[in-house]
2 protein chains.
Amino acid sequence: MPLPQPDLPEPAHPDVDSMLSRKFGKEVANYFSGSPLNRVSFLRPDHTFLIQALRHPSTTVLLFNNLEPLVQNPHTLATATYDDVKPLIGDHPFCDNEEELIRQYNSEEYVPQIVFLGLDERKGKEGFVYKDHYKGQPWFAVDVTPQRSVKEEAEKLIERMKGKGLDFSKGRMNLSLGAPEAAIYAEARHLLDWNARHPYCAGCGYPTLSINAGFKRTCPPKDMAPSVQHADRPSCATRTGISNLCFPRTDPTVIMAVVSADGQRILLGRQKRWPKYWYSTLAGFLEPAESVEEAVRREVWEESGIHLGRVVIHSTQPWPFPANLMIGAVGQAIPGGEEIHLGHDAELEDAKWFTSEEVREALRVGTSGLGEDAGPEYKEGGLRLPPKTAIAHQLMQAVVNGFASGVTMI
Amino acid sequence: MPLPQPDLPEPAHPDVDSMLSRKFGKEVANYFSGSPLNRVSFLRPDHTFLIQALRHPSTTVLLFNNLEPLVQNPHTLATATYDDVKPLIGDHPFCDNEEELIRQYNSEEYVPQIVFLGLDERKGKEGFVYKDHYKGQPWFAVDVTPQRSVKEEAEKLIERMKGKGLDFSKGRMNLSLGAPEAAIYAEARHLLDWNARHPYCAGCGYPTLSINAGFKRTCPPKDMAPSVQHADRPSCATRTGISNLCFPRTDPTVIMAVVSADGQRILLGRQKRWPKYWYSTLAGFLEPAESVEEAVRREVWEESGIHLGRVVIHSTQPWPFPANLMIGAVGQAIPGGEEIHLGHDAELEDAKWFTSEEVREALRVGTSGLGEDAGPEYKEGGLRLPPKTAIAHQLMQAVVNGFASGVTMI
């Protein structure tokens with residue numbers, strides 16, 4: 001018996017979609033997934049690898065200022081070279097191994113965050129080669145936010161980039177990158193955000209040190225800062241064994257197209273701050289000790305009062321604002337469980353059943369980014385929906401394409 | 001077209017499975033999921049609700065000492081009452097609302113952690129009722145670890161419980177709870193662990209305060225502790241807007257049964273510390289900005305060298321040691337991508353292709369918990385596998401039951 005093969009919605013991004021179907025077989029590849037990079041995660045502790053990768057002539061560096069990426073225009077990331085960032089990060093990143101970095105740790109020294117993103121194997125032949133096995137163009141991200149000891153140097157670097165006609169993106173709403181770039185951007189943004197917002201150890205309250213090329217923060221046992229006089233720090237539970245406090249955080253989130261018991265209608269909700277006539281699928285965080293199906297049923301009942309029967313996972317989407325894994329599902333109401341009640345949780349301003357026809361038409365004429373106008377065929381008063389880059393859109397498309405129609409699932 | 005309906009493996013737990021199939025339709029309900037509690041998460045900030053729930057005569061309290069639950073025996077949790085824990089938690093939990101708790105915050109005051117788990121609606125009629133809508137037996141968990149100001153009182157409470165013939169479980173290996181109890185235990189353990197291991201704010205390093213009945217930690221702007229002289233604290237980014245630093249952490253993990261391109265063989269790996277002949281499916285953490293399918297392909301390649309084509313999600317399992325969401329998948333190797341190479345990542349001691357027949361036989365005679373003996377029919381030298389409570393087992397069972405056999409998925 002073959003694996004169940006979900007109906008494919010319209011490709012979110014034709015380039016990724018065709019790449020994936022050639023390389024991996026059919027699946028729904030949502031925006032921000034489909035990275036062309038091999039992360040070679042096991043090489044992150046290998047400082048010899050990291051030095052060589054950082055200094056290779058083919059190496060590409062993404063720059064972020066306050067988490068906004070340097071771009072050529074909203075559709076294309078700008079890339080920098082190691083020489084561009086050398087005045088900021090110096091000659092010696094990765095020159096010491098991790099044991100040595102921990103031994104020398106000085107909480108008063110500010111080091112701009114560097115993240116190793118992976119090797120672009122599409123450019124393997126002309127690119128960087130390590131131990132014969134690992135080939136490709138190395139990608140890094142560097143935080144060039146002007147602050148602390150590097151404030152002046154970072155400002156100069158930013159001016160140099162602006163001199164080339166480049167600038168930092170103003171808000172994610174304006175970004176519309178091609179799919180492979182979007183996936184690389186998502187990785188960089190998620191990691192830079194996590195490092196920037198977690199400078200202290202949640203276990204003991206002391207500042208932490210970035211290691212593993214940006215994928216780990218450790219709580220050093222000593223601090224060589226002059227002001228603390230080379231003090232030993234109190235013991236910290238994160239130093240014994242492996243602790244998830246040391247690793248980047250990714251929050252599982254459920255997002256679901258809800259269909260009626262007869263499969264003919266779709267439940268959508270809206271938040272107060274959204275534009276008029278704009279609706280989307282319900283969503284919420286998965287909680288501790290829930291399966292995905294349980295989280296979907298709980299969120300739908302809490303937000304809309306609807307009781308779900310069958311729940312089926314459709315696809316997933318990384319969402320780096322700041323750190324989500326969106327798990328997309330389709331759920332079906334049980335007969336008699338379709339009455340809307342917004343009184344449990346106060347999250348939604350409205351929730352409503354729409355016919356498949358209304359949703360199908362809105363997917364054709366009424367989609368756009370949140371800050372944008374709907375398309376030219378849109379008529380005031382009609383349903384407005386999120387764009388193809390949102391998994392919400394893909395879930396609705398899957399439903400109107402027949403993912404759940406006609407058959408009672410319970 | 002109906003939703004794709006995965007083949008059901010043998011029910012992990014007949015009681016949950018039949019409950020779910022009656023209530024929700026067929027799905028794979030792994031151990032630690034299938035909770036009978038309604039979490040009514042939107043009532044957690046409502047201190048009137050919490051006081052009434054805590055003090056209701058039907059209320060059930062789970063006690064944990066150093067994260068080990070009080071049990072009657074390894075198959076049954078012991079339950080306590082509000083009166084049992086009153087000497088430890090006092091008369092006033094939840095008497096103040098959250099604004100007031102934050103205003104009065106004193107970092108030197110130790111308050112044993114209390115978590116509201118939910119309402120058991122199976123016992124709705126005789127139980128607690130709030131605002132007519134919300135009915136059921138309230139469940140709480142309390143951390144009774146003897147420490148700081150409550151050391152003595154906690155020790156007395158523990159002695160009283162031991163006087164009743166009850167004791168705290170010695171390690172999770174010995175626990176074999178029924179499915180509904182296992183799900184409640186998982187929720188309690190995950191939340192108590194998170195609160196215990198995250199006492200400080202990762203954004204600013206100052207101690208935090210538990211609110212939302214154990215589901216949130218907030219960084220108060222003032223500290224009334226005498227030693228800090230009612231000091232205003234430095235500004236903290238977590239105080240403006242919603243920050244994921246305040247919410248419990250759940251780490252998405254991928255675990256996958258890998259089948260050969262022809263679907264006839266299954267790849268299993270082993271870690272050095274496991275008993276002889278013991279193998280299981282590969283697994284690893286999903287990283288920032290990966291879809292589930294990408295994480296599955298990366299982990300399998302990094303750990304075994306195998307190149308996967310199609311990947312299909314099978315089911316999910318909460319795993320509260322300390323905070324995982326296991327996302328179970330089946331992946332199929334591409335033709336020519338089946339050669340094992342353990343040299344990328346050093347995680348596995350061995351990885352091997354097994355025939356479906358070998359795995360089917362081992363699922364019949366060779367399964368057990370890690371610390372236990374295999375069954376009476378097991379013969380020394382035969383393959384040993386994890387028990388039904390592990391999603392790894394369910395994935396292998398799904399494959400040998402035909403979830404992926406015979407058809408090349410790419």
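Reminder, nothing fancy here: chain letters follow the sequence lines and each chain counts from 1. In what follows, every heavy atom counts, from backbone to side chain, and hydrogens, waters and symmetry copies are set aside.
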Need one label for Tyr206(B): side chain, backbone, both or neither, based on atoms under 4.5 Å from any heavy atom in chain A.
neither
Do you know the tightest heavy-atom contact between Pro248(A) and Arg249(B)?
O-NH2, 3.0 Å
Where is the tightest heavy-atom contact between Arg39(A) and Pro288(B), given as atom of each residue plus distance?
NH2-O, 2.7 Å
Compare all side-chain heavy atoms of Thr250(A) with those of Leu286(B) and state whether any distance is below 4.5 angstrom.
yes
With a 4.5 angstrom heavy-atom cut-off, is it the side chain or the backbone of Tyr134(A) that approaches chain B, or both, or neither?
side chain
Atom of Thr316(B), atom of Val292(A) and distance for their closest heavy-atom approach:
OG1-N, 3.0 Å
Does any heavy atom of chain B fall under 4.5 Å from the side chain of Glu290(A), the backbone, both, or neither of them?
both
Output yes when Glu187(A) and Arg298(B) qualify as a salt bridge under the 4.0 Å nitrogen-oxygen rule, no when they do not.
no
Per-residue contact mode, Glu287(B) against chain A (heavy atom under 4.5 angstrom):
both
Partner chain B: residue of Pro252(A), Ala188(A), Ala196(A) with the largest heavy-atom pair count (under 4.5 Å)
Pro252(A)
Minimum heavy-atom distance between Ser33(B) and Ser291(A), given as atom pair plus value
CB-CB, 3.8 Å
Residues Arg310(B) and Glu27(A) bridged, charged N to O under 4.0 Å
no
Using non-hydrogen atoms only, which part of Trp301(B) is less than 4.5 Å away from chain A: side chain, backbone, both, or neither?
side chain
If I measure from the heavy atoms of chain A, does Phe215(B) come under 4.5 Å with its side chain, its backbone, both, or neither?
side chain
So, the part of Pro322(B) with a heavy atom under 4.5 Å from chain A: the answer is side chain
Please work out which of the three classes, parallel, tilted or perpendicular, describes the rings of His133(A) and His344(B), given edges at 30° and 60°.
perpendicular
Option that, when pairs with chain A are counted at under 4.5 Å, heavy atom only, ranks first among Asp251(B), Asn244(B), Ile184(B)
Asn244(B)
Distance-minimising heavy-atom pair for Ser243(B) and Arg197(A):
OG-NH1, 3.4 Å
Max heavy-atom pairs within cutoff under 4.5 Å with chain A, candidates Cys204(B), Ala183(B), Ala346(B), goes to Cys204(B)
Contact class of Asn38(B) relative to chain A, heavy atoms under 4.5 angstrom:
side chain
Answer with side chain, backbone, both or neither: which region of Leu325(B) has an atom nearer than 4.5 Å to a non-hydrogen atom of chain A?
side chain
Pick whichever of Pro199(A), Pro320(A), Ala186(A) has the most heavy-atom pairs under 4.5 Å with chain B.
Pro199(A)
Take Ser41(B) and Glu302(A) through the test side chain to side chain donor-acceptor pair (under 3.5 Å) and record every step on the way to the result.
CA-CA 8 Å; Ser41(B) 72; Glu302(A) 289 185 352; 2.7 Å; yes
Tell me, out of Glu293(A), Gln317(A), Met326(A), who's got the most heavy-atom pairs with chain B below 4.5 Å.
Glu293(A)
Which answer fits Leu43(B), side chain, backbone, both or neither, if we ask what part of it has an atom under 4.5 Å from a heavy atom of chain A?
neither
Chain B shares the most heavy-atom pairs under 4.5 Å, among His341(A), Arg189(A), Lys131(A), with His341(A)
To the nearest 0.5 Å, what is the distance between CZ (Phe247(B)) and CZ (Phe285(A))?
8.0 Å
Search all heavy atoms of Ala289(B) against all heavy atoms of Pro318(A) and return the closest pair with its distance.
CA-CB, 3.4 Å
